[in-house]
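Reading through the structure tokens given below for one structure.
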Amino acid sequence: MAAKAISSPVPVDWYPTLAVVMVAVGLMFTASFFISAVHLDFYGFESCQLVASAKLVNLAYYGYGLMGCKHYEATSSRRNRSLAKEIVTATIASVFLGFGSLFVLLASGVYV
């Protein structure tokens with residue numbers, strides 16, 4: 001009996017497309033892992049008066065708008081965090097980045 005040749009379950013022509021798609025999806029999940037929510041907090045009227053006396057250039061530079069005082073927070077607070085959500089998001093990002101890296105290597109000719 002003759003031995004069968006080992007072949008890839010995925011066509012070789014799909015390697016670059018799969019690499020780009022999987023790395024892009026993995027980076028999106030990674031970004032959502034690091035920045036889970038953007039909060040917009042409004043301060044009281046007293047701090048808005050302080051801001052209104054500043055120059056318009058400074059208002060735009062420090063993230064304050066003309067409608068009121070704003071403060072942007074890049075991460076979620078302790079009340080909104082969920083360990084299970086973070087683990088699931090990190091696992092999905094890891095899987096997509098891992099397979100994306102595999103297909104990047106295969107598309108470039110490094111057969112692993």
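All of these numbers come straight from a predicted model, not from anything done at the bench. Computation of the quantities below employed the complete heavy-atom set of this structure, encompassing side-chain atoms and omitting hydrogens, waters and symmetry-equivalent molecules. Here, residue 1 is the first one in the sequence, and each next residue gets the next number.
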>> Could you see if Val25 belongs to whatever hydrophobic cluster contains Leu18? Use Ile, Leu, Val, Met, Phe, Trp, Tyr and a side-chain cutoff under 4.5 Å.
In response: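 Yes, one cluster joins them.
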> Hey, quick one: are Val88 and Met22 part of the same hydrophobic cluster, counting side-chain heavy atoms closer than 4.5 Å, chains of contacts allowed?
Replying inline: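 As far as the 4.5 Å side-chain criterion goes, Met22 and Val88 are connected within one cluster.
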> For residues 9-30, which residue pairs qualify under side-chain hydrogen bond (donor to acceptor under 3.5 Å, both in side chains), counting only residues two or more places apart or in two chains?
Replying inline: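 side-chain hydrogen bond (donor to acceptor under 3.5 Å, both in side chains) check on residues 9-30 returns Ser8-Tyr15.
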Can you tell me how far the [atom1] atom of [X] sits from the [atom2] atom of [Y], to the nearest 0.5 Å?
| X | Y | atom1 | atom2 | answer |
| --- | --- | --- | --- | --- |
| Ser32 | Leu27 | OG | CG | 11.0 Å |
| Lys85 | Phe33 | NZ | CZ | 11.5 Å |
| Ile92 | Phe29 | CD1 | CZ | 4.5 Å |

>> Phe96: which residues meet the ring-ring contact (aromatic ring centres under 6.0 Å, His included) condition with it, sequence neighbours left out?
In response: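 For Phe96 there are no ring-ring contact (aromatic ring centres under 6.0 Å, His included) partners, ignoring immediate neighbours.
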>> With a 3.5 Å distance limit and no angle check, can you tell me whether Ser94 reaches the backbone of Ala90 through a side-chain donor-acceptor pair?
In response: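 Answer holds: no.
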> Any idea which heavy atoms bring Ala93 and Gly26 closest together, and the distance?
Replying inline: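 Shortest heavy-atom separation between Ala93 and Gly26 comes out as CB-O, 3.9 Å.
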Listing, residues 102-112 side-chain donor-acceptor contacts under 3.5 Å, not counting sequence neighbours, or none:
from	atom 1	to	atom 2	distance (Å)
Ser108	OG	Val104	O	3.1
Ser108	OG	Leu105	O	3.0

